[in-house]
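For the single chain, residues carry numbers from 1 onward in sequence order.
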Amino acid sequence: MPGKKYRVRLSPQERAELKGLVSRGRSAAWKQTHARIVLMSDERQEGQPMKDEEIAQALKLGCATVERVRRRCVEGYVERALNRKRQFRRRPKKLDGEGQAHLIAMACSEPRQGRTSWTLKLLADRLVEREIVGSISTETVRKALESSSRG
């Protein structure tokens, strides 16, 4: 098996910062886990650095996670390994503020004749009928109503 492609070599200052992050316990759990991965992967530590499989087993993670964090540490410094990759929204939201206002007004109004209450399906169909959206799922309607009720 070939050697590791991404070899972590921490400076004493980086190692101290990571140890402090882990010992304080005031950051997100995933961030602390990433710090532990980097610390265990460090080749400048006392003794031998742990293998990816050993780190994964010790932290109850997948080997791919260990390798990915180690790679991000080498490619973009320790800071990149400790922070999540920024996710970009691939599709625009179905309901903008105006569409959500129409949905809420509809949900608060009287339902169609013969109905006692609005269902998510009826609300979704009505939004399409009124050409507020081209298409919309009942789950999107549910989430929009839920977010509006939270304030």
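The shortest side-chain heavy-atom distance between R70 and C73 does not fall under the 4.5 Å cut-off. Two residues are said to be in side-chain contact when any heavy atoms from C-beta on lie closer than 4.5 Å; L127 and M106 meet this criterion. For the pair Q100 and D96, the minimum side-chain heavy-atom distance is 4.5 Å or more. A 4.5 Å side-chain heavy-atom check between P111 and L122 finds every atom pair outside the cut-off. With contacts defined as side-chain heavy-atom distances shorter than 4.5 Å, the pair I37/L61 qualifies. A heavy-atom distance below 4.5 Å is found between the side chains of S41 and I55.
Surrounding CD of E110 are at most 12 heavy atoms belonging to other residues, nucleotides or ligands under 6.0 Å away. By the 6.0 Å contact criterion, CD on Q57 is open, its count of non-hydrogen atoms from other residues, nucleotides or ligands being 12 or less.
Judged as a side chain to side chain donor-acceptor pair (under 3.5 Å), and not counting sequence neighbours, E98 has no contacts. D125 pairs by the salt bridge (Lys or Arg N to Asp or Glu O under 4.0 Å) definition with K121, not counting sequence neighbours. Under the rule for a side chain to side chain donor-acceptor pair (under 3.5 Å), the partners of R112 that lie at least two apart in sequence or sit in another chain are E129. By the salt bridge (Lys or Arg N to Asp or Glu O under 4.0 Å) test, R142 pairs with E139, E146, sequence neighbours left out.
Atom CD1 of I104 and atom OG of S148 lie 3.5 Å apart (nearest 0.5 Å). Atoms CZ and CD1, on R126 and I136 in that order, are 14.5 Å from each other to the nearest 0.5 Å. Note that the CG atom of L18 and the CG atom of L82 stand 5.5 Å from one another [nearest 0.5 Å]. Annotation: the span from T138 atom OG1 to L145 atom CG amounts to 11.0 Å, rounded to 0.5 Å.
Of the N and O atoms on the side chains of S135 and K94, at least one donor lies less than 3.5 Å from an acceptor on the other residue.
The main-chain N or O of D52 is never found under 3.5 Å from a side-chain atom of E67 such that the two would form a donor-acceptor pair. With hydrogens and angles disregarded, no donor-acceptor distance shorter than 3.5 Å links the side chain of E75 to the backbone of R72. Between the side chain of D42 and the backbone N or O of L10 there is at least one donor-acceptor pair closer than 3.5 Å.
Heavy-atom minimum distance, L95 versus A144: CD1-CB, 3.8 Å. The nearest pair of heavy atoms linking A35 to V22 is CB-CG2, 3.7 Å.
Each ring-ring contact (aromatic ring centres under 6.0 Å, His included) pair with one or both residues in residues 12-31, not counting sequence neighbours, appears once here: W30-H34. Residue pairs meeting the salt bridge (charged side-chain N to carboxylate O under 4.0 Å, His left out) criterion with at least one member in residues 16-27, sequence neighbours excluded, do not occur.
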